[in-house]
Amino acid sequence: MTVQPTSRPRPVAIPAALTVKELGDLLTVTPVEVIKRLMTNGVMASMNQTIDYDTAAIVAVDLGFDPTEEAVAEVAAAAPIVEEEEAPDDPATLKPRPPVVTVLGHVDHGKTSLLDSIRHAKVAAGEAGGITQHIGAYQVELGGKVITFIDTPGHAAFTAMRARGAQVTDIAILVVAADDGVMPQTIEAINHVRAAGVPIIVAINKIDLPGANPDRVKQQLTEHNVVVEDYGGDVITVPVSATKKLGIDDLLENVNLVAEVAELKANPDRPALGVVVEAELDSSRGPVATVLVKNGTLRQGDAIVVGEISGKVKAMFNDRGERIREAGPAAPAVVMGLEQVPEAGDRVRVVADEREARQIVDARRRGREAEEQTAHAHVNLDTLFNEISAGKLKELIIILKADVRGSSEAVKGALERLSTAEVKLKVIHAATGPVSDSDVMLAEASNGIIIAFNTKTDPSARKRADATGVEIRTYSIIYQVIEDIEKALAGMYEPVYNQVIDGHAEVRQVFKSSKLGNIAGSFVLDGTLRRGSNVRVLRGKEEIAKTRCEGLKRFQDDVREVQTGYECGVVLSNFDKFVEGDVIEFFHEERAN
């Protein structure tokens, strides 16, 4: 079926993203017609493939419509949950809630032992069965006051949840071994917690060991801007021994003290909003998720949306494995009834019914697919000046990795002196060693850039940075770092590109074509020739042309690429004055780090 354009185009509102089939339904044509129109415009897509508004609009115009992008209000159901959380509750509805605590620290400093001591000393009190399962979160009670603990694998998981918009922690307990002192992972954990803006309580562990030196730990913490109360600061320190169960009550009392100052409150009477702490596929129960309720009350039978997954709460269990019918603010609950296994950090929202849940999930999926077709919006040196000019950026966050500590301190000091009235430069993490996944997650969560000075980037970190749009800049000379940042702040930064040679072909014979002009019959000497690549034509040692490859032919067929050792015909844009013996060099440009 073909619709002929009319003199007066019909208006049509098109979403930011939709499938080819949905576009056909919207324009009252078959999906095949839409696919044909897309192919005419150089887009290959299947019936169930998602396309963005711009692509859909081209088809709509071809079919005689006047397209406009569907207003945001029409897909408001897809709005992220964080917007709902920001909607203030009536102060009269707010009631005190338990604090949510995360324990972080260097490996082998006793984080797990401390959590186990707290769990067994306080959770099992009065409970015949004690703990029956590990669910990644549990509650303890001291003096009638409840505290919720989140058991994360470490600061990387803590930051990964932040990067997904799930700021679940109210207080962080930093565990430092009294005999070992501040170590690299301790410093990393401090910086991650500082970036989250969460108050810290330091648990100085292993005080029962002969080599314990709490004063040395306090001194080392001060060197990393964690000023403890003994030194005139506001950070509480508590000496503990996880193995001997010493100081546990004192630690929990201080958690309650910090929580009282924070005046943590929530509205238990609204539909629940929460976060997935961990999830798995249980062989007998299906997808199971541990949910921490942040606001409202989660009840059995509620229809829920978790990221891009919908479901209905069929059953809930508390941290002791007991079946419960509801979970209030700051309470963890194991939830059954989701269609799939969600990811840690996915946000949970209760909606009116399962139909609305499916609509929201569908809209979120479309929105994500549309976003994936556009560039990531993370700050980088190219866009820095525009962001500042538009008033979107008041603070440039930098994560700095260097080869040695001296270099790290020198670069950090030089960068922080570049702050201006419009934008403040802030190095939130400076350390030695290669750029790691953890660094990229921190940059992603804080919308910062990473500067690697005389150090490498782990392959997995590079892959993650490419996927999330985090910029990693590599330097070996301090003044180049300063120069690039200064230029970016002034709007004068121009990225440097390196030319990467893809291959060479020698012209062996010249063919004439009435349509294409002269075609270079060539033999591929090395590499791979690709249609659309940049090329330069070399005659002897002289470059006689620099242009683009318009086409490659193998016999009568057009091809995308030709490998080493094969013959082909080469057609160039705006150049056909080939001579036998010319060398055609194919290359592309990559941005230099």
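The basis for the numbers below is simple: all heavy atoms, side chains too, and nothing from hydrogens, waters or symmetry mates.
Side chains of I397 and N447 form no contact here, defined as non-hydrogen atoms less than 4.5 Å apart. Side-chain atoms of V226 and V182, non-hydrogen and from C-beta on, never get closer than 4.5 Å to each other. Looking at I236 and V238, their side chains come closer than 4.5 Å, going by heavy atoms from C-beta outward. At least one side-chain heavy atom of R364 sits under 4.5 Å from a side-chain heavy atom of V305. For the pair V306 and V361, the minimum side-chain heavy-atom distance is 4.5 Å or more. Counting heavy atoms from C-beta outward, L298 and I304 have side chains that approach closer than 4.5 Å. Annotation: side chain of V235 is not in contact with side chain of V227 (no heavy-atom distance under 4.5 Å). Counting only heavy atoms from C-beta outward, the side chains of S310 and E339 approach each other to under 4.5 Å.
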- Query: Taking it one step at a time, do E253 and K145 satisfy salt bridge (charged side-chain N to carboxylate O under 4.0 Å, His left out)?
  - Reply: CA-CA 9 Å; E253 283 171 3; K145 294 181 179 178; over 6 Å; no
- Item | Full working for side chain to side chain contact (heavy atoms under 4.5 Å, CB included) between I485 and L425 | CA-CA 10 Å; I485 299 291; L425 270 73; 3.7 Å; yes
- Could you give me the CA-CA distance, side-chain angles and deciding distance for L252 and I118, then say whether side chain to side chain contact (heavy atoms under 4.5 Å, CB included) is met? CA-CA 9 Å; L252 297 180; I118 294 169; 4.2 Å; yes
- Task: Could you please spell out the steps behind the side chain to side chain contact (heavy atoms under 4.5 Å, CB included) verdict for I398 and I428?
- Result: CA-CA 6 Å; I398 294 173; I428 63 168; over 6 Å; no
- Tell me, with the steps shown, if N267 and N295 meet side chain to side chain contact (heavy atoms under 4.5 Å, CB included). CA-CA 6 Å; N267 175 9; N295 203 1; 3.9 Å; yes
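Note that OG1 of T468 is 4.5 Å distant from CD of E444, once rounded to the nearest 0.5 Å. Distance CG/L442 to NE2/H429: 7.0 Å, rounded to 0.5 Å. A distance of 13.0 Å separates CZ of R349 from CG of D302, quoted to the nearest 0.5 Å. Here T420 contributes atom OG1 and E486 contributes atom CD; the two are 11.0 Å apart, rounded to the nearest 0.5 Å. In this structure, CG on L264 lies 11.5 Å from CG on L94, to the nearest 0.5 angstrom. From F453, atom CZ reaches atom CD of Q480 across 9.0 Å, with rounding to the nearest 0.5 Å.
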Run the side-chain donor-acceptor check on residues 400-415: report pairs under 3.5 Å with partners two or more places apart or on a different chain.
residue: K401; atom: NZ; partner: P434; partner atom: O; Å: 2.8
residue: K401; atom: NZ; partner: D439; partner atom: OD2; Å: 2.7
residue: D403; atom: OD1; partner: S407; partner atom: OG; Å: 3.2
residue: R405; atom: NE; partner: E409; partner atom: OE2; Å: 3.1

Donor-acceptor pairs under 3.5 Å, side chain of residues 170-177 to any protein atom, not counting sequence neighbours: which ones?
residue: D170; atom: OD1; partner: R97; partner atom: NH2; Å: 3.0
residue: D170; atom: OD2; partner: R97; partner atom: NH1; Å: 2.8
residue: D170; atom: OD2; partner: R97; partner atom: NH2; Å: 3.4
residue: D170; atom: OD2; partner: V100; partner atom: N; Å: 2.8

Per-pair distances, 0.1 Å, donor-acceptor, side chain in residues 200-208, under 3.5 Å, sequence neighbours excluded:
residue: N205; atom: OD1; partner: A242; partner atom: N; Å: 3.0
residue: N205; atom: ND2; partner: H109; partner atom: O; Å: 3.1
residue: K206; atom: NZ; partner: D108; partner atom: O; Å: 2.7
residue: D208; atom: OD1; partner: S241; partner atom: OG; Å: 2.9

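Ring planes of F149 and Y138: parallel class, angle under 30° (limits at 30 and 60°).
With hydrogens and angles disregarded, a donor-acceptor distance shorter than 3.5 Å links the side chain of T297 to the backbone of P268. Judged purely by atom type and a 3.5 angstrom limit, N213 has no side-chain atom pairing as donor or acceptor with the backbone of D179. Judged by distance alone, with hydrogens and angles left aside, the side-chain atoms of T186 form a donor-acceptor pair with the main-chain N or O of M183 at under 3.5 Å. For E308 (side chain) and I360 (main-chain N/O), no donor-acceptor pair under 3.5 Å exists by modelled atom type. No donor-acceptor distance shorter than 3.5 angstrom exists from the side chain of T455 to the backbone of A452, with no hydrogens or angles considered.
Using a 4.0 Å cut-off between charged side-chain N and carboxylate O, K265 and E263 make no salt bridge. A salt bridge between D437 and R464 is absent, with no side-chain N of the basic residue lying under 4.0 Å from a carboxylate O of the acidic one. Salt-bridge annotation for E229 and K218: absent, with no side-chain N of the basic residue lying under 4.0 Å from a carboxylate O of the acidic one. Under the 4.0 Å criterion applied to side-chain N and carboxylate O atoms, K463 and D466 are not assigned as salt-bridge partners.
Scanning both residues, P332 and T148, for their nearest heavy atoms gives CD-CG2, 4.2 Å. The two atoms that bring V293 and A272 nearest to each other are CG1-CB, 4.3 Å, heavy atoms only. Taking all atoms of both residues into account, the shortest heavy-atom contact from A443 to V470 is CB-CG1, 3.6 Å. Nearest heavy-atom pair, K245 versus S117, reported as atom, atom and distance to 0.1 Å: CG-OG, 4.1 Å. Across all non-hydrogen atoms, the minimal contact from V255 to P99 is CG1-CG, 4.2 Å. Closest heavy-atom contact between K294 and A266: O-CB, 4.0 Å.
In the model, E188 has a side-chain atom that pairs as donor or acceptor with a side-chain atom of S438 under 3.5 Å. A side-chain N or O of Y475 and one of D484 form a donor-acceptor pair less than 3.5 Å apart.
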